[in-house]
Visitor: 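Dropping the structure in here first, questions after.
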Amino acid sequence: MQWAATTLAVCGLGAAALATSMLTLGRRLELSQAKHRSLAGHARMARRLAGFVPFYDYDEDRFFACDGAPADIVSLRRAGFARLSELYKTRFAETIRCSAEAAEAISDLQFTGTYRVPFQYRRMVRAHLPLGTFLQASEGVTVTDLDGNRFYDLTGSYGVNVFGYDFYKGTIERGAARVRDLGPVLGAYHPLIIENTQRIREISGLDEVSFHMSGTEAVMQAVRLARYHTRRSHLVRFCGAYHGWWGDVQPGIGNPQPAHETYTLAEMSEDTLHVLRTRRDIACVLVNPEQGLHPNAPAPTDSSLLDSSRSSHFDKTIYTNWLKRLRQVCSERNIVLIFDEVFVGFRLAPGGAQEYFGIRADLVAYGKTIGGGLPIGVVCGRKDLMKRFRDDRPADICFARGTFNAHPYVMAAMNEFLRLFKTSEVQALYRDLDAVWDGRAQRLNRRLADESLPVQVANMSALWVVCYTQPSRYNWMLQYYLRAQGLALSWVGTARLIFSLNYSEAEFDAVADRFVAAAKTMQQDGWWWHDPATTNTTIRRAIMKEMIAHRLFPSRKH
Ligand SMILES: Cc1ncc(COP(=O)(O)O)c(C=O)c1O
């Protein structure tokens with residue numbers, strides 16, 4: 001009898017354990033299903049595979065003919081390349097000299113200088129098309145290099161420049177004058193912080209504010225608060241989304257350590273909503289609304305422009321619906337919805353992405369432009385979520401400090417920014433913003449199509465991505481033709497064009513003329529010669545074969 005009872009108990013325990021394991025397995029499977037199929041959706045695998053990619057590069061012959069172009073095309077390319085090289089070396093001489101000197105000791109310059117084009121082409125490009133990273137002045141929508149060349153600025157200063165460089169020169173200068181008496185005193189506040197806080201609360205529609213030194217820190221703090229208040233461990237980020245360089249939000253390539261408490265899930269996915277509805281360990285969902293331009297894909301760079309598969313298309317209605325559903329699930333499950341508006345805040349609408357998409361987040365991270373030209377990160381949030389201690393547990397706190405937080409000079413430049421922001425002049429920049437920039441993108445696309453150029457742009461308001469309409473291995477060359485035409489691009493090249501909102505029609509038309517001229521010259525120089533049998537798939541396969549061959553037989557000539 002006792003034996004039977006014991007057997008029954010053991011069986012019961014076994015069944016319970018089995019049921020628990022099945023449940024856990026089921027949850028894991030659901031999590032796997034909610035990952036995007038691409039490598040960007042599988043951070044660990046991506047990191048492991050990245051470690052297998054061997055370095056190799058093309059010799060001169062292959063550099064000009066890796067797509068099998070015939071001899072006449074190759075000579076066009078050679079001549080075009082030599083012409084560009086000559087132009088760069090003479091027109092940008094001092095800027096290049098200075099950059100080369102600085103690169104010896106500035107690791108960031110070495111990194112960006114190395115990752116402008118796919119690595120197979122790097123040696124030839126660095127030797128013959130060196131780029132300068134120095135500027136001496138900015139004015140209106142232009143910047144001037146050390147050789148006195150003026151460029152239309154499409155870098156947007158990493159997104160800081162929303163209203164034009166002169167605007168920020170003013171905010172920094174006037175701000176500095178207002179806090180000069182206090183100087184660099186930290187810890188205590190300058191009274192300007194009170195007005196800043198009020199204005200940010202108004203803009204964000206949220207209760208409280210904290211100040212940090214960078215967007216990365218603001219995101220770290222928002223996630224930490226969400227974990228503290230929900231007492232849950234995991235953050236959900238979406239595949240491809242950038243949220244700064246803190247480890248937990250950058251679990252893939254670029255971070256040597258795996259992020260153990262991060263789920264990278266697919267955006268616009270029912271499976272993701274199911275995971276959010278059913279798991280109990282999710283503290284927060286981080287959204288970077290810029291991803292609306294390329295959901296589930298990493299921020300593009302020209303260094304990965306090996307073929308023409310880069311695609312981008314922003315559909316505001318579809319993306320808004322997705323965010324609304326996300327909002328609803330987060331509310332149902334007490335998951336903290338964090339909008340990372342470090343990049344898009346103030347760019348899409350006066351009330352940022354919250355206003356643009358009509359969605360209220362629980363926490364919002366701002367950065368970049370809100371510092372009025374100086375370094376900043378800001379977190380705004382619901383009162384209950386911003387609190388960093390528990391009344392009933394005095395030792396259970398959520399720590400967040402920073403020596404330079406709320407620096408008087410930053411607060412003062414921010415104050416100038418926030419005051420000017422309210423003026424009718426600045427508010428007028430938002431009038432018909434999307435219509436203006438959609439219209440400009442369409443106009444440029446029409447011109448490119450009329451000229452039979454295999455290039456189109458996609459845009460989310462004044463944020464643009466250049467895409468390529470016909471399979472080619474040389475699209476990365478366009479950035480060099482654009483620079484030769486006097487367009488300043490950031491180190492990611494044609495992957496991101498950031499316009500400030502003060503571009504007039506005439507200035508935009510000048511950019512469009514130069515853009516078309518650059519693409520035409522590139523076409524005339526033969527880079528877009530196209531073998532009809534070539535597709536993006538055949539290009540990728542060929543590159544994969546090269547990589548495997550170099551990996552397996554590194555010393556052989558391929
Ligand atoms: C969406 C987003 N979040 C966070 C960051 C990080 O901001 P910071 O570079 O100021 O640390 C960036 C920077 O580009 C960003 O675009």
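Computed over heavy atoms, backbone and side chain alike; hydrogens, waters and symmetry mates excluded. All ligand and atom numbering here is 1-based and tracks the order in the structure.
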Visitor: Are the side chain of Arg201 and the backbone of Asp207 linked by a donor-acceptor contact shorter than 3.5 Å?
Guide: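 It does hold such a pair.
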Visitor: Without hydrogens or angle criteria, can the side chains of Asn502 and Ser500 be said to hold a donor-acceptor pair below 3.5 Å?
Guide: yes
Visitor: Under 4.0 Å from a heavy atom of Ser214: give me the atoms of ligand 1 that qualify, with their elements.
Guide: 10 (O), 11 (O)
Visitor: Which atoms of ligand 1 are found less than 4.0 Å from any heavy atom of Asn288?
Guide: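 Here the atoms of ligand 1 in question are 1 (C).
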Visitor: ring-ring contact (aromatic ring centres under 6.0 Å, His included) with Phe508: which of Tyr152, Phe515, Trp464, Tyr503?
Guide: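 Single ring-ring contact (aromatic ring centres under 6.0 Å, His included) partner of Phe508 among Tyr152, Phe515, Trp464, Tyr503: Trp464.
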Visitor: Decide whether the shortest distance between a heavy atom of Glu341 and an atom of ligand 1 is less than 4.0 Å.
Guide: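 It does not; every heavy atom stays at 4.0 Å or beyond.
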Visitor: Out of curiosity, is Tyr242 lining ligand 1, as in a heavy atom under 4.0 Å away?
Guide: yes
Visitor: State plainly whether the residues Asp145 and Arg483 are in salt-bridge range, i.e. N to O under 4.0 Å.
Guide: no
Visitor: Using modelled atom types and a 3.5 Å cut-off, is there a donor and acceptor pairing between side-chain atoms of Gln354 and backbone atoms of Ala361?
Guide: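 Checking the backbone N and O of Ala361 against the side chain of Gln354, a donor-acceptor pair under 3.5 Å is found.
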Visitor: Lys368 versus ligand 1: do any nitrogen or oxygen atoms come within less than 3.5 Å of each other?
Guide: yes
Visitor: Quick check: does any side chain N or O of Gln456 sit under 3.5 Å from a backbone N or O of Val466, one acting as donor and the other as acceptor?
Guide: no
Visitor: May I ask you to check if ligand 1 and Asp340 share an N or O to N or O distance below 3.5 Å?
Guide: yes
Visitor: Do any N/O atoms on Glu290 end up under 3.5 angstrom from N/O atoms on ligand 1?
Guide: no
Visitor: What do you reckon, does Ile376 have a nitrogen or oxygen under 3.5 Å from a nitrogen or oxygen of ligand 1?
Guide: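 There is no such contact.
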Visitor: As an exercise, identify every atom of ligand 1 less than 4.0 angstrom from a heavy atom of His243.
Guide: 3 (N), 4 (C)
